[in-house]
2 protein chains.
Amino acid sequence: MSISPSTADTIARTVQVLAFDIFGTVVDWHGSIVREMQALYPAVDGDAFALAWRAGYQPAMAQVMRGERGWTLVDDLHRSILDEILPRFGLAHLPEAERRHLNRVWHRLHAWPDSAEGLTRLKKRFTITTLSNGNIGLLTNMAKHAGLPWDCVLSAEVFKAYKPHPDTYLGVARVFDVPPEQVALVATHHDDLAAARACGLRTAYIERPLELGAARPKDGTPQPGNDLHAKDLNDLAQMLGC
Amino acid sequence: MSISPSTADTIARTVQVLAFDIFGTVVDWHGSIVREMQALYPAVDGDAFALAWRAGYQPAMAQVMRGERGWTLVDDLHRSILDEILPRFGLAHLPEAERRHLNRVWHRLHAWPDSAEGLTRLKKRFTITTLSNGNIGLLTNMAKHAGLPWDCVLSAEVFKAYKPHPDTYLGVARVFDVPPEQVALVATHHDDLAAARACGLRTAYIERPLELGAARPKDGTPQPGNDLHAKDLNDLAQMLGC
């Protein structure tokens with residue numbers, strides 16, 4: 001489902017680089033964490049645990065961006081949040097090795113079923129890169145684990161700023177030496193897309209109704225600000241003639 | 001040809017990340033530039049031109065590292081050197097568009113015949129990343145053009161330092177959150193390998209006798225400081241059990 005077929009044609013013709021949000025857009029963080037918690041700590045409510053962990057993410061990045069905390073990799077933000085929430089879930093006793101292992105679940109997230117195929121199709125026509133707040137090591141390990149065929153791994157770590165800071169979106173254009181309108185951000189979050197649009201990038205929304213779990217279906221109503229609106233990455237590939 | 005089979009076994013067992021030098025090690029910069037000059041400007045001595053362009057590279061990076069010039073992407077260093085040498089080769093008249101196109105030859109360098117296959121084999125067992133002074137855009141475009149299946153594209157651009165600065169070698173270990181001895185640098189230049197070794201990385205030398213052209217065969221005598229000595233990337237893959 002495209003907002004307008006002619007917009008899809010324009011993007012297919014003019015855009016060089018597709019930059020992908022990762023958590024939620026390409027990989028299923030909620031479902032992956034729930035499944036891993038069920039396997040490791042079946043007494044814990046995995047759904048509530050996944051949501052609590054993720055809920056700490058934006059506030060932790062905001063602290064860094066306000067300068068209250070020095071530049072920090074997302075692996076380390078995830079670990080701080082984990083240490084904070086474990087007692088709430090009866091896991092205060094978890095030893096260091098188990099905390100380290102659990103924290104790396106973000107490196108082992110599963111891709112949505114369409115992601116590897118959709119990216120492989122899109123890669124034939126576009127340069128496909130991550131643009132995630134996740135650190136480079138996390139994104140690289142995840143790609144190997146989930147079979148994601150990135151041309152390039154760009155991260156907040158490269159730009160020393162988290163999305164939605166303009167340095168990240170404009171950083172992609174700068175890295176590839178193209179004007180911002182030749183880069184499209186692909187994401188399932190409207191705030192991310194709006195920030196990219198404000199920098200002059202094109203935008204493609206991906207629905208991902210199950211991002212927060214089956215109990216909390218996400219509203220995927222198309223919003224007119226986005227250039228493209230796709231059900232998943234295969235749908236996006238189809239729309240862009242790949 | 002391995003310095004010692006037991007060293008190869010140790011590396012295969014302990015190393016997680018292979019970081020590759022690019023110009024000369026993975027791609028044939030000299031031959032690619034000679035061929036492109038023959039096609040575009042057949043009156044010019046392509047061999048001398050390629051050597052002159054490359055000869056400006058180390059001094060330009062040294063200027064940046066001494067602080068005489070701000071942080072500069074290699075694309076821009078290549079362009080400064082190009083502008084400087086064109087008059088010597090009777091090409092002072094080259095218009096801007098042709099200079100821009102010619103400068104991008106570094107994005108279009110051809111891989112050595114074994115590179116794509118060797119990397120694909122090594123990728124099954126190791127995380128394979130670039131570690132080049134070339135900028136991210138250059139390395140990504142080159143990989144698409146030459147079919148190089150990197151897991152990750154690391155560059156001086158990420159670390160804001162050129163090799164042989166320790167921040168680059170140690171930066172790879174930091175990005176992947178492993179100790180330096182779990183990273184091996186793969187390169188055809190002994191000075192690069194020596195600097196990596198001084199940071200605690202393992203090292204693998206690749207011969208590449210034709211790096212400077214058939215007229216200037218490189219001395220590939222094994223040096224005892226390197227952990228491994230391979231003829232090419234398939235030989236390295238074989239040695240490491242891939």
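The analysis underlying the following values was restricted to heavy atoms, covering all of them including side chains, and did not include hydrogens, waters or symmetry mates. Residue numbering restarts at 1 for every chain, and letters A, B, ... go by the order of the sequence lines.
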Greatest number of heavy atom pairs closer than 4.5 Å to chain A - which of B/V178, B/V153, B/V175: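 The answer is B/V175.
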Selection from B/L154, B/I136, B/D151, B/V158 maximising heavy-atom pairs under 4.5 Å formed with chain A: B/D151
Straight-line distance of B/L73 CG to A/R174 CZ, nearest 0.5 Å: 7.0 Å
Between CZ on residue A/F176 and CG on residue B/N135, distance to nearest 0.5 Å: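 The CG atom of B/N135 is 10.0 Å from CZ of A/F176, to the nearest 0.5 Å.
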Within-4.5 Å side-chain heavy-atom neighbours: A/T129 and B/T140: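 Side chain of A/T129 against side chain of B/T140, heavy atoms only: no contact under 4.5 Å found.
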Donor-acceptor contact below 3.5 Å, side chain A/K144 vs main chain B/K124: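 Absent.
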